[in-house]
Each structure stands twice: as C-alpha cells, then as structure tokens.
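Notes for the one structure printed next.
Lettering of chains follows the sequences in order, A, B, ..., and the numbering in each one begins at 1.
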2 protein chains.
Amino acid sequence: MNKEEILIIDDEPQIRKLLEINLESQGYKVKQAETATMGLQLAANHPPDLILLDIGLPDINGQDLLVELKNWYNQSIIIISVLDNEEEIVRALDNGASDYITKPFRTNELLARIRACLNRNRIEDNKTVLTSTDLQIDLLARTVTRDNENVKLTLTEYKLLVLFAKNEGRVLTHQFILKEIWGVGFQTDTQYLRVFVGTLRKKIEQNPNKPVHIITESGVGYRFI
Amino acid sequence: MNKEEILIIDDEPQIRKLLEINLESQGYKVKQAETATMGLQLAANHPPDLILLDIGLPDINGQDLLVELKNWYNQSIIIISVLDNEEEIVRALDNGASDYITKPFRTNELLARIRACLNRNRIEDNKTVLTSTDLQIDLLARTVTRDNENVKLTLTEYKLLVLFAKNEGRVLTHQFILKEIWGVGFQTDTQYLRVFVGTLRKKIEQNPNKPVHIITESGVGYRFI
DNA sequence: CTAAATATTTACAACTTCTTTATAAGAATC
DNA sequence: GATTCTTATAAAGAAGTTGTAAATATTTAG
C-alpha cells in the first residue's frame, strides 16, 4: 500500500517538528504548512489523506480556513486547539471537522485519532452501498430501497439521507446539516430541515409518527440509526 | 517513572512532619513551605504535581493564595481545613480547589485523595469517550449508553452529565455547577439542580434511591464517581 | 410555454423540555 | 426526640422546539 499523506497546518515550528517525527515514524508521509495560504495551496495541489489544522493560526481565522477547505476537500480534518476553548471546538465540529485534540496533547492519543479517521475514510470511500436492516442506499446508482421496494426521493431528500447514513449513530446539529445540504448561510433556516425530515420519514419509516431511523434530539439536531 | 512531587503549604511543623513521613513512604517527593509567600515561590520555581494547602495560614488569607495559584497552576490543589469551617471549604472549592480534607484527618484517607487527584491529572482532557463500569459517554457522537443501552438525555441533562464526568471524583459545588450549566446569575437556583440531578439519576443509576454515580455531598454539592 | 415536480414559506398543532411550586423525606443540630 | 436545615420527588404551568399540512414560488422536463 502507498504511504498515506498527512498535511500539517500549524504556525509553531516545534509542534510541526514534533508531529513530523512522530508521524513519519508511523510510516506516514508528512507535508507542512506554516500559514493558512500555504496550507490551502499544498492541499489543493495534491490533496492529502488527512489534514491536521491548528485552529489558532495568525494569518487567517482557522474556522474560515476550515470552511474553505471543506468546500472541496472531503477527507478528514482534525483540528488542534488550545484547551478550554469549548466554543471554538464545537464551532469547528459544526464546520465539518472530523475530530479535535487539545494542546498540549499526547502523541499516542493523536496517533489513535489519526488512525481512526483514516480508517473511516477508507470505509466511506470504498462503500458504494450503505445498508441497515430494512434500508439500502446505493451511492453509485443513486437509489434507495426499503424492504427491497424502490423508494423515490427528491435530490434534497436523497442528500439528506446520505448525510445521515454516513454519520450513523452520531448526533448531527441542525447547523451542521443545513450547512452540508444547503450551504453556508442557511444555518438559521431550521424550518427547511423540519419539512424535509418530515417527508423523508414518510418515505423511509414504517410508522412516521414513531420514527426508528431518524431520531429527534430536541434542542440539538437529529441522529440516524 | 519519575517520583511525583507534592508541595505542602502549612504553618504547623507537626503536620508538615507527619505529612512528609507518610508521603515519602509512598514514594512521593515532598517539598515544604511554612508561609504563603514561600509556598508561592517554591511552586513557581518548580511546579509540583500536586499541592496540599492549609487554608488557615497566618500570613495571608488562604483563599487569596488559592486564587493566585490557580491563575497559572493547573494541577490539583487539595486544601486542608479545620473541621466545621464548611463555608471556607465551599469557598475554596468554588475557587478551584480539587478536593478538601478536614483536620484531624486520617492519613489513609488523605493518601487516597492524593492518588485520585494525581490519576485525574494524568487523564487527558482530550478524551472523546468517557467510560466507567456501566456508563459510556461519547462526546463526538453526543451519545450516552448504560450497559450498552442507549440513554436518551435532554440537552441540560447531557451537559450536566458531561460536566460531572469530566470532573470525576471531584466535589462540585452547587454554585460551580449552576454557573457552568446555566451561566452566571443562576447561582442561587439550587432547586434546578436538584430537579435535574433527580432526572439524571433516574436515567443513569441502577437504583436512583441509592445512587452510586452522583453522590450528594450535603451542604456542599455533588461528586461523580 | 406549460405541466409537473420540487422547494420554500406560512400557520398552527403537537410535543418536549424547562421552570416553578408544593410537599415529602432525610440529615444535622440542639 | 423535636426542630431546623437541606435534599428529593412529583406534578402543574410556561416556554420553547418540532411536526404537519397546505399555500405559494421556483425549477425542470417535455
């Protein structure tokens, strides 16, 4: 197998060095960027398998960079943040970060996270069919079947279902879903989401009044099972 | 492993001697300070792994010293106080002390507390999954399971549980919890807390009448185990 | 260009969660 | 052991969130 490539975007040289040594010893290929601009460039030139992004960069707001990257980069981004900035971490996760780690971190912990993310990517990338007990989503054919019956979904409904299925078991916040499906700027239109969750439930749930797949997490978002 | 260092700040020589003997016999390295000034100095020079602070010092108010230390020292501080100065203990915990013990104390009790604190320090703040025997909290997925069964928590219940779990073993005062969950200005609404601790117990305890996870510390707050 | 399909918006009903009050149960103190 | 203080529980009301239907707008396909 080819060496997996990891891009580090961090302005602190010591941290980059520390990460470089550890990651290379694990057999990863490492690229480094000191600034957001440079990071974007490197990532665009030759997309890495994973990005480690320090959210507290000097030249640009890390959250903005994250949003920018997420526009086209669909592998994992793990953000590095200083401790005690819960709010920033939550925001980063909303913006599509896969995981986070706070400084100072233990290398073993970080390596475990990286392995987990890369694993997840490998699975997600290769899977063209997502299945659960009664549902089946074929990503290539763009078809959904329930109990072997074809289910007709509109584009938005389909996108929503795929997003749910790819994040099975995880609570997705309204904000996150809105951003993923409708794009940045629609984060307050939670009513869209309600309508579409409603129609989706009618199509994929046995009993739309007692949903078993799309679970409401009041005040937070939805969870797909 | 290196010897762990404990700094004792206490004006009574007998107590210092007693602690020194006991702690050294457990393999800790012990430093002593007779006054607050000296304690601060020693701590700043070479930060110990844990501080034992007698809150009733002669030269400075112990609470002030605690606040001072907490500004930059982020390991555990265990305070020693005379019995029946509940108010002072509560104030110290509010000020960020990790635990307390009242004079006269049993050495075994103190040693246990010290071990617990040092352990907690070692635990990374980075964990995205918090586990105990029967409970499991996944911070990324925002899910809680008990004996592998999913537990459905409301937003506030979840926040409360996470706060408890992140401060496992530590006494959290009512004030502190109220401030963390509801924000500044709710510190007097202890009734909220009672209600929510009640519902949480119903959901996570085997027997809510005999809670083993959320322990009441009468007059002070709660302790999560 | 028109009809059909899909998306957005509005209005309101249904439901969940939070707050408050009342009261019971339990501890601590005298 | 009675009194007082603290904590627990239940339940009602208020506030906030979510769900549904239907009207309107927009897009798509023929």
**Q.** Side chain to side chain, Thr156(B) and Trp182(B), heavy atoms closer than 4.5 Å
**A.** yes
Q) Do any side-chain nitrogens or oxygens of Thr154(A) fall under 4.0 Å of OP1 or OP2 in dA7(C)? A) yes
Q: Ignoring backbone atoms, establish whether Lys152(A) has a side-chain N or O less than 4.0 Å from OP1 or OP2 of dT6(C).
A: yes
Q.
Tell me the interatomic distance from Leu193(A), atom CG, to dG19(D), atom P, rounded to whole angstroms.
A. 9 Å
Q.
Can you confirm whether more than 12 heavy atoms, excluding those of Gln14(B), are under 6.0 Å from its CD atom?
A. yes
Q: Grab the OH-C1' distance between Tyr158(B) and dT17(C) for me, whole Å please.
A: 18 Å
Q: Using whole Å, report how far NZ of Lys159(A) lies from C1' of dT6(C).
A: 13 Å
Q: State, without any angle test, whether Arg146(A) and Ser132(A) hold a side-chain donor-acceptor pair at a distance under 3.5 Å.
A: no
(Q) As a test of understanding, state which of Asn209(A), Asn207(A), Thr216(A) forms a side chain to side chain donor-acceptor pair (under 3.5 Å) with Arg201(A). (A) Thr216(A)
Q: Whole angstrom is fine here: how far is it from CG in Leu200(A) over to P in dA7(C)?
A: 11 Å
Q) Just wondering, are more than 12 heavy atoms of other shown residues or ligands nearer than 6.0 Å to NZ in Lys152(B)? A) yes
Q) Could Arg170(A) and Phe224(A) be counted as a cation-pi pair, given that NZ or CZ must be under 6.0 Å from the ring centre and within 45° of the axis? A) no
Q. Just wondering, are more than 12 heavy atoms of other shown residues or ligands nearer than 6.0 Å to CG in Asn148(A)?
A. no
Q: Give the rounded distance in Å between these two atoms: CG of Leu155(A) and C1' of dA4(C).
A: 17 Å
Q. Quick one: is Tyr192(A) getting a side-chain N or O under 4.0 Å of the dT9(C) phosphate, OP1 or OP2?
A. yes
(Q) I need the CD1-P distance between Ile215(A) and dT18(D), as an integer number of Å. (A) 14 Å
(Q) Under 4.0 Å, heavy atoms only, any strand: does Thr156(B) hit a base, just the sugar-phosphate, or nothing? (A) sugar-phosphate
Q) Whole Å only: how far is the CZ atom of Phe196(A) from the P atom of dA5(C)? A) 16 Å
Q: Using five base pairs at each end, measure the axis-to-axis angle across the helix from dC1(C)-dG30(D) to dC30(C)-dG1(D) and round it to 10 degrees.
A: 30°
Q) Can you name the closest pair of heavy atoms from Ala165(A) and Ile137(A) and give their distance? A) CB-CD1, 3.6 Å
Q) How close or far is atom P of dT19(C) from atom CD of Glu157(B), stated in whole angstroms? A) 12 Å
Q) What one-letter contact string describes nucleotides 2-17 of chain D from 5' to 3', where B marks a base within less than 4.0 Å of any protein heavy atom, S marks contact via sugar-phosphate atoms alone, and - marks no contact? A) ----SBBBS------S
(Q) Counting the benzene-type ring for Trp, do Tyr222(A) and His174(A) have ring centres under 6.0 Å apart? (A) yes
Q.
Under 4.0 Å from OP1 or OP2 of dT19(C): is there any side-chain N or O of Trp182(B) that close?
A. yes
